[in-house]
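What you see is a predicted model; the values in this text were computed from it and never measured. Residue indices begin at 1 and follow the sequence shown.
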Amino acid sequence: MTKRQVLAAVVLASMPLGSSLASPSTMSLQAAVADQHRSAADRARDRYRHPAETLAGFGVHPGQTLVEFLPSGGWYTAILAPLLSGRGHYVGLVLKGQKAEASLASLLAHGGQRYGGATAAVLDPATGTSTVPEGSADVVLTFRNVHNLIMAGGKTAPNTFRAFYAMLKPGGVLGVVDHHLPETMNSAAEMKSGYLKRSTIVRLAKAAGFRLVGESAINANPKDTHDWPAGVWTLPPTLQLGDKNRAHYLAIGESDRMTLKFVKPP
């Protein structure tokens with residue numbers, strides 16, 4: 001085992017990944033992932049994203065108020081919004097801006113009754129404030145978005161993490177999945193490659209007040225060498241280089257990802 005795999009095995013116990021496969025909450029997650037309303041294209045990516053295990057590790061269950069930051073095309077929304085409909089509250093959160101807000105509104109409307117009760121919220125990275133009421137969320141999740149905050153520069157990333165902290169209840173969870181850059185590689189790559197060092201995310205979260213309580217290698221990919229010509233977008237699903245070495249990149253699969261669980265202290 002590599003040093004990273006050993007570390008992941010040690011800390012895995014702090015994230016309940018697969019620890020209670022027969023529990024009602026985990027069974028609900030598995031049912032949401034298996035929902036045939038999800039597109040075939042979305043389901044084909046489950047082998048890289050491990051949604052049921054990842055969400056179980058973050059402690060997601062149907063009765064929560066859950067905020068998903070930057071849901072984009074709604075890959076996780078298609079799992080989370082129906083899971084929480086009628087039993088909890090799904091909140092889609094985007095950065096302030098007419099285009100982003102309109103895109104989120106369209107995404108939630110497209111879900112129809114299956115997304116019943118889902119609402120939209122806005123975060124202003126210039127001020128670190130959002131329209132999510134303070135202390136109202138049980139869980140905040142962000143999937144492959146922190147690298148965009150880092151690349152935006154300035155106070156965008158730290159202010160966003162402070163907003164996450166404010167909207168969570170004491171004891172609430174911040175779950176982060178992002179493309180992993182090994183600590184031994186040049187940090188300059190964080191500003192252009194889409195990959196981030198674990199230490200960068202941990203530093204941002206701790207500066208906002210969070211405590212790291214667990215991590216998992218569930219979304220890791222040892223085939224990823226983290227040094228592609230077009231950054232993380234070289235790999236699927238983007239395949240930015242088109243047909244150039246396409247078969248090679250498809251064989252590697254989606255990026256190496258870190259899965260980190262933070263808590264707002266009680």
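- Proximity of a side-chain donor or acceptor of Lys261 to a complementary backbone N or O of Gly57 within less than 3.5 Å is detected.
- Put simply, the side chain of Asn221 never gets that close to the backbone of Asp256: no donor and acceptor are under 3.5 Å apart.
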Practice task
Starting from the C-alpha separation in whole Å, work towards a yes-or-no answer on side chain to side chain contact (heavy atoms under 4.5 Å, CB included) for Asp243 and Arg246.
Solution key: CA-CA 5 Å; Asp243 291 332; Arg246 184 183 184 91; 3.8 Å; yes
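- The closest donor-acceptor contact from the side chain of Lys197 to the backbone of Glu183 lies under 3.5 Å.
- In this structure, the separation between NZ on Lys244 and OG1 on Thr234 is 10.0 Å, given to the nearest 0.5 Å.
- Distance alone, capped at 3.5 Å, is enough to place a donor-acceptor pair between the Asp138 side chain and the Thr65 backbone.
- Interatomic distance, CG of Leu174 versus OH of Tyr165, reported as 11.5 Å (0.5 Å rounding).
- No continuous path of ILVMFWY side-chain contacts below 4.5 Å connects Leu181 to Ile150, so the two sit in separate hydrophobic clusters.
- Contact between Pro62 and Leu84 at its shortest, heavy atoms only, is O-CD2, 3.3 Å.
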Donor-acceptor list for residues 200-211 side chains, cut-off 3.5 Å, not counting sequence neighbours:
| from | atom 1 | to | atom 2 | distance (Å) |
| --- | --- | --- | --- | --- |
| Thr200 | OG1 | Glu190 | OE1 | 3.3 |
| Thr200 | OG1 | Glu190 | OE2 | 2.7 |

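- In terms of heavy-atom proximity, Pro236 sits nearest to Tyr249 at CD-O, 3.3 Å.
- In this structure, Phe143 has its ring center no closer than 6.0 Å to that of Trp75.
- Side-chain heavy atoms closer than 4.5 Å link hydrophobic residues (I, L, V, M, F, W, Y) into clusters, and following such links, even through other members, never connects Val177 to Val232.
- The minimum heavy-atom distance linking Ala52 with Val33 is given by the pair N-CG2, 3.9 Å.
- Scanning all heavy atoms of the two residues, the minimum distance from Tyr76 to Glu68 falls at CB-OE2, 3.4 Å.
- A donor-acceptor pair is defined here as one N or O able to donate and one able to accept, closer than 3.5 Å; such a pair exists between the side chain of Gln64 and the backbone of Gly59.
- Rounding to the nearest 0.5 Å places CZ of Arg87 at 5.0 Å from OG of Ser28.
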Problem - Derivation of the side chain to side chain contact (heavy atoms under 4.5 Å, CB included) call for Glu53 and Ser216 - result: CA-CA 10 Å; Glu53 298 90 341; Ser216 171; over 6 Å; no
Can you give me every donor-acceptor pair (side chain of residues 40-51, partner residue at least two apart or in another chain, under 3.5 Å) with its distance?
| from | atom 1 | to | atom 2 | distance (Å) |
| --- | --- | --- | --- | --- |
| Arg43 | NH1 | Arg38 | O | 2.3 |
| Arg45 | NE | Glu254 | OE2 | 2.7 |
| Arg45 | NH2 | Glu254 | OE1 | 3.3 |
| Arg45 | NH2 | Glu254 | OE2 | 3.2 |
| Asp46 | OD1 | Arg38 | NH1 | 3.4 |
| Asp46 | OD1 | Arg38 | NH2 | 2.9 |
| Asp46 | OD2 | Arg38 | NH1 | 3.0 |
| His50 | ND1 | Tyr48 | O | 3.3 |
| His50 | ND1 | Ile218 | O | 3.0 |
| His50 | ND1 | Asn219 | OD1 | 3.0 |
| His50 | NE2 | Arg47 | O | 3.0 |

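- There is no side-chain donor-acceptor pair under 3.5 Å between Ser255 and Tyr195.
- Both Leu239 and Ile252 are members of a single hydrophobic cluster when ILVMFWY side chains are connected at heavy-atom separations under 4.5 Å.
- Partners of Asp227 by salt bridge (Lys or Arg N to Asp or Glu O under 4.0 Å), not counting sequence neighbours: none found.
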Problem - Trace of the side chain to side chain contact (heavy atoms under 4.5 Å, CB included) decision for Leu70 with Thr142 - result: CA-CA 7 Å; Leu70 298 183; Thr142 179; 5.7 Å; no
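- Annotation: side chain of Phe69 is not in contact with side chain of Ser130 (no heavy-atom distance under 4.5 Å).
- Between His180 and His226, the shortest heavy-atom contact is O-CD2, 2.8 Å.
- Between the side chain of Asp178 and the backbone N or O of His147, at least one donor-acceptor pair lies under 3.5 Å.
- Both Leu141 and Phe262 are members of a single hydrophobic cluster when ILVMFWY side chains are connected at heavy-atom separations under 4.5 Å.
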List the atom pairs, with distances to 0.1 Å, where a side-chain N or O of residues 91-107 and a protein N or O form a donor-acceptor pair under 3.5 Å, not counting sequence neighbours.
| from | atom 1 | to | atom 2 | distance (Å) |
| --- | --- | --- | --- | --- |
| Glu101 | OE2 | Gly97 | N | 3.0 |

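- Once rounded to the nearest 0.5 Å, the distance linking OG1 of Thr129 with CE of Met167 reads 9.5 Å.
- Neither Met151 nor Val146 shares a network with the other; the hydrophobic side chains, linked directly or stepwise wherever heavy atoms of I, L, V, M, F, W or Y lie under 4.5 Å apart, form separate groups for each.
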Exercise for the section: Quick one: do Met258 and Glu215 satisfy side chain to side chain contact (heavy atoms under 4.5 Å, CB included)? Show the steps, please. Expected result: CA-CA 8 Å; Met258 51 190 155; Glu215 56 190 293; over 6 Å; no
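- The two residues Pro266 and Pro170 have their closest heavy-atom pair at CA-CB, 3.9 Å.
- For the atom pair CG (Leu83) and OG1 (Thr77), the distance works out to 12.0 Å, reported to the nearest 0.5 Å.
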Name each donor-acceptor pair under 3.5 Å that joins a side chain in residues 115-126 to protein atoms two or more places apart or in another chain, with its distance.
| from | atom 1 | to | atom 2 | distance (Å) |
| --- | --- | --- | --- | --- |
| Thr119 | OG1 | His89 | NE2 | 2.7 |
| Asp124 | OD1 | Ala126 | N | 3.0 |

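- Remark: Arg114 pairs with Asp35 by the salt bridge (Lys or Arg N to Asp or Glu O under 4.0 Å) rule, at least two apart or across chains.
- Interatomic distance, Leu29 CG to His61 NE2, rounded to the nearest 0.5 Å: 10.0 Å.
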